[in-house]
Amino acid sequence: MATAAGTILVTAACASPGGVAGISTQPPAPADSAAAQSSVTATLPAATPTPAARAPVTIPKGPSPVLMPPPKVSKFTYAFPVKGCRVSYQSRLLVLPKTTIWAAKGCAFVSPVSGVVHEVNTRNRWAPSTDRGQDREGRFVTVLGDDGVLYLGGHLDAVEPGIEPGARVGAGQTLGRIGNSGNARDTASNLYFAISWKTDPSLWWVRRGMVEPWDYLSAWLHGNPTLSPAAEVRAVMARTGATPRCSTLCKPRSMPKPTERPTEPEDAPDAPDVVTGGETSSLSGR
C-alpha cells in the first residue's frame with residue numbers, strides 16, 4: 001500500500017508543470033498577441049549599387065544655322081543713301097523732319113531706290129546774307145522713286161555726270177559726292193537727307209522733308225532693305241494736303257537798306273558823283 005502511494009506521488013511529481021526540482025518540462029506558452037503587436041521590427045534598406053563611371057558624351061555638331069532673309073514688307077528694294085564710307089546720323093527731330101548723315105567728303109551719295117531723277121542743282125547759290133530757304137541745301141539731287149516717294153540728297157560737293165532730270169537710276173547708283181555746300185559750309189561734310197512727295201519745285205519746303213527718315217535708314221543699313229516709307233508718306237500727304245503752306249524756316253533774312261549820303265546843296269561847286277540804289281547820278285546840277 002505504501003509502495004503504491006509512493007508511485008503515485010512520483011508520477012504526479014513528473015506530471016506537474018514544474019517538472020523536477022521546479023524546472024518545467026513543457027514548451028513555452030505562445031506570447032500574448034497584444035504584446036507581439038507592440039514590438040518594433042527594424043528593416044534595413046537594400047544596399048544601392050554604385051553606378052559605373054560613365055564615359056563623357058560628345059554632342060555632334062550640326063549644320064550651320066540657315067540665314068533667313070528679313071521679312072519682306074514691300075516689293076521695293078532700298079539702299080542706304082551713302083555707300084562705301086563710315087556714317088553716323090541723327091535719329092531725332094530737331095527743326096525739320098529730315099536727318100544729317102555725317103560722312104567723309106567725297107563719299108558717294110546713291111539713290112535709295114530705283115526711280116527717275118526729278119531735280120538737280122549743280123550750283124551753290126546759298127549766301128549767308130540772304131539765307132534763302134530754297135538755297136540752303138546747296139547742290140542737291142532729288143529722285144522720284146518707283147514707290148512714289150521723293151528723296152532729297154543735299155549739301156553735295158558735286159553732282160555725278162549724266163545725272164539730270166528725267167534720267168533713269170537704280171537703287172544704289174551714285175548720284176553725287178558728299179560735301180558741305182549750302183548753309184553747311186561751316187560744318188563737317190554731310191548729306192542732307194529728306195523724304196517727301198513729288199511737288200512743283202517752287203514748293204521747296206516740301207522737298208526738304210515731310211516724313212522722319214531715320215527708322216527707314218536704320219532698316220536699310222541693318223538688314224531690312226524692303227521697309228518702305230511709301231505708306232507713311234501717303235498718310236502725311238493726306239493729312240497736310242499735297243501743297244501745304246510753309247511753316248518753318250520760311251523767310252529769308254532781311255537785307256539791310258543801303259545808307260544814302262545826304263544831298264548836298266545844288267550850288268556846291270563840283271559836287272562828286274555817288275552811287276544810289278545801284279545807279280550813278282550827278283548831284284552837281286549839271
Side-chain angles (χ1 to χ4, degrees), residues 81 89-103 105 109 112 117-145 148-159 163-165 175-176 178-214 216-217 229 232-261 275-279:
Y89 52 92
Q90 297 165 327
S91 298
R92 60 192 178 95
L93 180 64
L94 296 176
V95 179
L96 298 170
K98 58 89 180 179
T99 194
T100 300
I101 302 177
W102 302 99
K105 186 174 182 178
F109 161 53
V117 176
H118 183 53
E119 289 183 79
V120 176
N121 179 31
T122 59
R123 292 181 57 193
N124 185 15
R125 298 184 176 90
W126 182 81
S129 58
T130 56
D131 191 30
R132 296 199 318 159
Q134 57 266 48
D135 299 335
R136 289 183 184 126
E137 284 73 59
R139 300 180 184 90
F140 68 84
V141 176
T142 63
V143 172
L144 180 61
V149 177
L150 189 73
Y151 301 91
L152 165 69
H155 297 329
L156 300 178
D157 185 61
V159 175
I163 299 301
E164 55 189 21
L175 306 178
I178 292 176
N180 59 346
S181 61
N183 65 350
R185 73 173 191 176
D186 296 324
T187 70
S189 56
N190 66 86
L191 178 71
Y192 183 112
F193 184 75
I195 295 176
S196 61
W197 54 82
K198 180 182 178 181
T199 188
D200 189 85
S202 63
L203 303 178
W204 48 266
W205 54 89
V206 174
R207 73 167 182 241
R208 69 182 179 177
M210 298 298 292
V211 170
E212 296 175 353
W214 41 84
Y216 304 102
L217 290 172
E232 187 176 1
V233 167
R234 289 192 296 268
V236 173
M237 185 170 62
R239 185 172 67 249
T240 64
T243 57
R245 297 183 61 182
C246 184
S247 59
T248 306
L249 298 178
C250 302
K251 296 181 179 180
R253 293 180 180 177
S254 298
M255 292 292 293
K257 293 182 179 180
T259 302
E260 297 184 1
R261 295 176 61 179
V275 178
T276 304
E279 297 180 356

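Values reported hereafter were calculated over all heavy atoms of this structure, with side chains retained and with hydrogens, waters and symmetry mates removed.
- The CG atom of L217 lies 11.5 Å from the CD atom of E212; values are rounded to the nearest 0.5 Å.
- Once rounded to the nearest 0.5 Å, the distance linking OG1 of T122 with CD1 of I163 reads 12.5 Å.
- Checked against F140 for a side chain to side chain contact (heavy atoms under 4.5 Å, CB included), the options R208, R207, H155 give a single hit: R207.
- Considering NZ of K105 and CG of L156, their distance stands at 12.0 Å, rounded to 0.5 Å.
- For the atom pair CD (E119) and CD (E164), the distance works out to 14.5 Å, reported to the nearest 0.5 Å.
- Looking at V149, L150, L175, L152 one by one, the single match for side chain to side chain contact (heavy atoms under 4.5 Å, CB included) with V143 turns out to be L175.
- Residues R136 and L249 meet the side-chain proximity criterion, which asks for heavy atoms closer than 4.5 Å.
- In terms of heavy atoms, P112 sits closest to P81 at CG-CB, 4.5 Å.
- In this structure the side chain of Y89 never reaches within 4.5 angstrom of the side chain of P213, judged on heavy atoms.
- D157 places none of its side-chain heavy atoms less than 4.5 Å from the side chain of S189.
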Please walk me through it: do L94 and T100 pass side chain to side chain contact (heavy atoms under 4.5 Å, CB included)?
CA-CA 10 Å; L94 296 176; T100 300; over 6 Å; no
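- In this structure a side-chain-to-backbone donor-acceptor pair under 3.5 Å is missing from S181 to N124.
- When every heavy atom of S247 is checked against every heavy atom of C250, the shortest pair comes out as N-SG, 3.2 Å.
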Side-chain donor-acceptor contacts of residues 232-246 below 3.5 Å, not counting sequence neighbours, with atom names and distances?
unit_1, atom_1, unit_2, atom_2, d
E232, OE1, Y216, OH, 2.4
T240, OG1, V236, O, 3.1

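- In this structure, OG1 on T187 lies 4.5 Å from CH2 on W102, to the nearest 0.5 angstrom.
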Test side chain to side chain contact (heavy atoms under 4.5 Å, CB included) applied to N183 and D135, step by step:
CA-CA 8 Å; N183 65 350; D135 299 335; over 6 Å; no
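- In this structure, NZ in K198 is found 13.0 Å from CG in L203, a value given to the nearest 0.5 Å.
- Annotation: side chain of P128 is in contact with side chain of R185 (closest heavy-atom distance under 4.5 Å).
- Looking at T99, its side chain never comes within 3.5 Å of a backbone N or O of W214 through a donor-acceptor pair.
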